[in-house]
There are 2 protein chains.
Amino acid sequence: MTATSRPTSRDVAHEAGVSQSTVSLVLGGKWAGRVSPATVATVQAAAERLGYRPNPAARSLRLGTTRTVMLMVPTLTAPFFGSVYAGAAREAARHGLGVVVYPWPDDAGPADSPFATPHEAIDGILASSMPEEVVERFHGTPVVMLDSDPGGRFPTVNFGVADGMRALVAHLAGLGHRRFGHVAATVHQWTFHTRHAALAAAVAEAGGTLARAAGALDITEAKDAAGRLLDAAPDPAARPTALVCDDDLMAAGAYKAARARGLEVPADLSVTGMDDVLLATALEPELTTVRLPAEELGAEGMRSLLTLLNGTRPEPRTLPGELVVRASTRATGR
Amino acid sequence: MTATSRPTSRDVAHEAGVSQSTVSLVLGGKWAGRVSPATVATVQAAAERLGYRPNPAARSLRLGTTRTVMLMVPTLTAPFFGSVYAGAAREAARHGLGVVVYPWPDDAGPADSPFATPHEAIDGILASSMPEEVVERFHGTPVVMLDSDPGGRFPTVNFGVADGMRALVAHLAGLGHRRFGHVAATVHQWTFHTRHAALAAAVAEAGGTLARAAGALDITEAKDAAGRLLDAAPDPAARPTALVCDDDLMAAGAYKAARARGLEVPADLSVTGMDDVLLATALEPELTTVRLPAEELGAEGMRSLLTLLNGTRPEPRTLPGELVVRASTRATGR
DNA sequence: TTGAAAGCGCTAACAG
DNA sequence: CTGTTAGCGCTTTCAA
């Protein structure tokens, strides 16, 4: 071996005085009944001494497998997807797999198609909150979709967002609210379509009314949308008493709209979010919301992908959300 | 080729009626003056028809290079690091490199020993906000440290956090503040040590006093720390009039401590953060802080790493922060 | 119980 | 201008 480059299994073999294939057997843990314990010890010592690390490229070339899966997310700038990663990576590590994150399309700049750069060689894909088309270009690679339409061609793991919306409305209705406003996100993702439909249904069932205003998933647009809802009724007595926001970030915008009009949350207006990210407890008052277990989504998705990699298509799974009542909701005045 | 597996360059060669090495030359873009244009066209058509993609494992085995660099971050659950990734990935893509993210140690669970997971083969490492020791295990791999002590053995790219602190204190002093409180993070990272030292120096220079309370980097602990600062003085007239927080998240805790005591921000108390993450504009009042360009840190770090990969050690770089005055600071009463 | 050898798909030196 | 060939480091038969 040269002094500069990484030691190979051949170097270890030479150091231990055995053949290279014996080294491979030993370090691969496949020596039971094929190599004497004494030799095993010698080889392990030699590997240790040299600081040997198998070359993953060679291994994957030989095996045709990379023991790496790709997690596709819309962006890494939302902490939610960091949690999804954490769950997926933890579960993957338990099975000796690595996870590479691939934000698409936002983060890496304009149009770097998956094919433009020599992207990772991977055994499977976990795609969170992505349109199905994006993933269809990876022909033949096993895919599990997270937070996506369960009616698609790939196995899915989802949150029970519809139940979450129902729980929110039930909570609010129990507090006496009947006039609801929906601060909606104009984002074409399954989860938002589902939230919208479930909210409408739940409000109808509770005998309430629902006004809707929509904007992009950011604070300013949410503030504007909430403002429109608050200003719509000429008579304050016809104004919504509760604003159901599509996620926690939009709820922050709703807070701002309320304060700008001299309305106090929750005394004059109840506000709810969904997701339960860090922001929910940073706001004041702390936000009533539905906790969506992001880490668990990643972990459960990884389990499904492992099942798929083993050759059986996993059942669709739904992870329940949990209503978290904090300080942004209160009974209506009278 | 079998019907199921990916086509190889040999399949393309067969399809095009040329040798495999010609395919390699053409698809590698190295054919100028060595292969006839007609043959090139034939080969490209065949590759297209077959949907050929070179096998990265084989390529990297042959080349001894992976065209992939690793970004190490403490966690992906803080949106800051998502932005660092975005900047790094964008810059890397311009040079045909990929970036894999490696959160350590938080996210992926317990102690994955170097032998436990076959982690990525990589050409270089970008380590953000990490202790140097963590990175030293990757002997011989080129490293650039981000947001780290510039006195270490590796090249660095940093924020001008000291200047940032000075700008904050100058702004506050200009508003008449003299009694400062420091809501400090008990995190052993270069950036926080630097913030602490710069703040102390700036306050001294402004002729002010500085009380300090510390806690972990979360809202609850920040609230407690800020509360201690606010409660320390028996006489309210001796209380700090401005709370300088180590980052935006801690500022959110300071808001809570203030409100819990009936103090209004900024009328009764000015509060500042640092980083300028999304939270800064979600809070009310919006937070005066220092914008630290996270994406630019990632991009500049990648440029430095590319320089290092080309064989020359890059100069240390410092990216200036920018004071962003919003609504959480105001002149003292009188 | 161990070693020899083949070959994964690719690049590049060299021959023709 | 194009083809032949060696070999990157590894796993896995097969033979000894």
Side-chain angles (χ1 to χ4, degrees), chain A residues 1-2 4-44 46-47 50-68 96 118 120-121 123, chain B residues 1-2 4-44 46-47 50-68 96 115 118 120-123:
Chain A
M1 73 175 276
T2 67
T4 59
S5 68
R6 270 171 56 155
T8 71
S9 62
R10 209 205 293 292
D11 298 322
V12 177
H14 188 252
E15 173 86 7
V18 299
S19 80
Q20 183 268 333
S21 59
T22 300
V23 171
S24 183
L25 249 20
V26 170
L27 268 22
K30 300 232 165 77
W31 55 273
R34 339 239 274 96
V35 179
S36 72
T39 308
V40 169
T42 314
V43 169
Q44 285 172 339
L50 261 30
Y52 170 73
R53 313 252 33 240
N55 179 322
R59 185 202 296 255
S60 96
L61 179 58
R62 178 65 235 246
L63 261 23
T65 194
T66 59
R67 302 207 65 76
T68 300
E120 300 310 306
D123 292 345
Chain B
M1 72 175 275
T2 67
T4 59
S5 68
R6 270 171 55 155
T8 72
S9 62
R10 209 204 294 292
D11 297 322
V12 176
H14 188 253
E15 172 85 7
V18 299
S19 80
Q20 185 270 331
S21 62
T22 301
V23 172
S24 182
L25 246 23
V26 171
L27 268 23
K30 302 235 165 74
W31 56 272
R34 337 239 274 95
V35 179
S36 72
T39 307
V40 169
T42 314
V43 169
Q44 284 172 338
L50 262 30
Y52 169 74
R53 308 251 50 234
N55 178 322
R59 183 203 297 254
S60 96
L61 179 58
R62 178 65 237 243
L63 261 22
T65 194
T66 59
R67 301 206 66 74
T68 300
F115 290 95
E120 298 312 305
I122 47 165
D123 291 344

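Below, all heavy atoms of this structure are taken into account, side chains as well, without hydrogens, waters or symmetry copies. Bear in mind that the values here come from a model prediction, so they are computed numbers and not experimental data.
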Under 3.5 Å donor-acceptor, B:R6 side chain and B:P54 backbone: yes
Exam field: side chain B:D123 to backbone B:T66, donor-acceptor pair closer than 3.5 Å: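 Judged by distance alone, yes, a pair lies under 3.5 Å.
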Over how many whole Å does the gap from [X] atom [atom1] to [N] atom [atom2] extend?
X: A:R67; N: D:dC10; atom1: CZ; atom2: P; result: 17 Å
X: A:R59; N: D:dT12; atom1: CZ; atom2: C1'; result: 14 Å
X: A:L61; N: D:dG9; atom1: CG; atom2: P; result: 12 Å
X: A:D11; N: D:dC8; atom1: CG; atom2: P; result: 11 Å
X: A:Q20; N: D:dC14; atom1: CD; atom2: P; result: 18 Å

Global bending angle along the helix from C:dT1-D:dA16 to C:dG16-D:dC1, which compares the axes of five pairs at either end, to 10 degrees: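 Both end axes considered, the difference amounts to 50°.
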If you look only at distance, which donor and acceptor atoms sit under 3.5 Å apart when one is on a side chain in residues 33-44 of chain A and the other is two or more places apart or in another chain?
| residue | atom | partner | partner atom | Å |
| --- | --- | --- | --- | --- |
| A:S36 | OG | A:T39 | N | 3.3 |
| A:S36 | OG | A:T39 | OG1 | 2.7 |
| A:T42 | OG1 | A:A38 | O | 2.8 |

Chain A footprint on DNA chain C, 5' to 3' - any atom under 4.0 Å from a heavy atom: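 Range of nucleotides within reach of chain A: C:dT1 to C:dG9.
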Between CD on residue B:Q20 and CG on residue B:D11, distance to nearest 0.5 Å: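 Between B:Q20 CD and B:D11 CG, I get 10.5 Å after rounding to 0.5 Å.
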Residue pairs, two or more places apart or on separate chains, that pass salt bridge (charged side-chain N to carboxylate O under 4.0 Å, His left out) and touch residues 14-33 of chain B: B:E15-B:R49
A:S9 vs D:dC10: side-chain N/O to OP1/OP2 distance below 4.0 Å: yes
Residue closer to the 5' end of DNA chain D, B:G17 versus B:L63 (nearest nucleotide): B:G17
Which residue lies more 5' along DNA chain D, comparing B:A58 with B:S19 via nearest heavy atoms: B:S19
Contacts of type side-chain hydrogen bond (donor to acceptor under 3.5 Å, both in side chains), residue B:S60, not counting sequence neighbours: none
Neighbours of DNA chain C within residues 21-42 of chain B, by heavy-atom distance under 4.0 Å: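 Residues of residues 21-42 of chain B under 4.0 Å from DNA chain C: B:S21, B:S24, B:K30.
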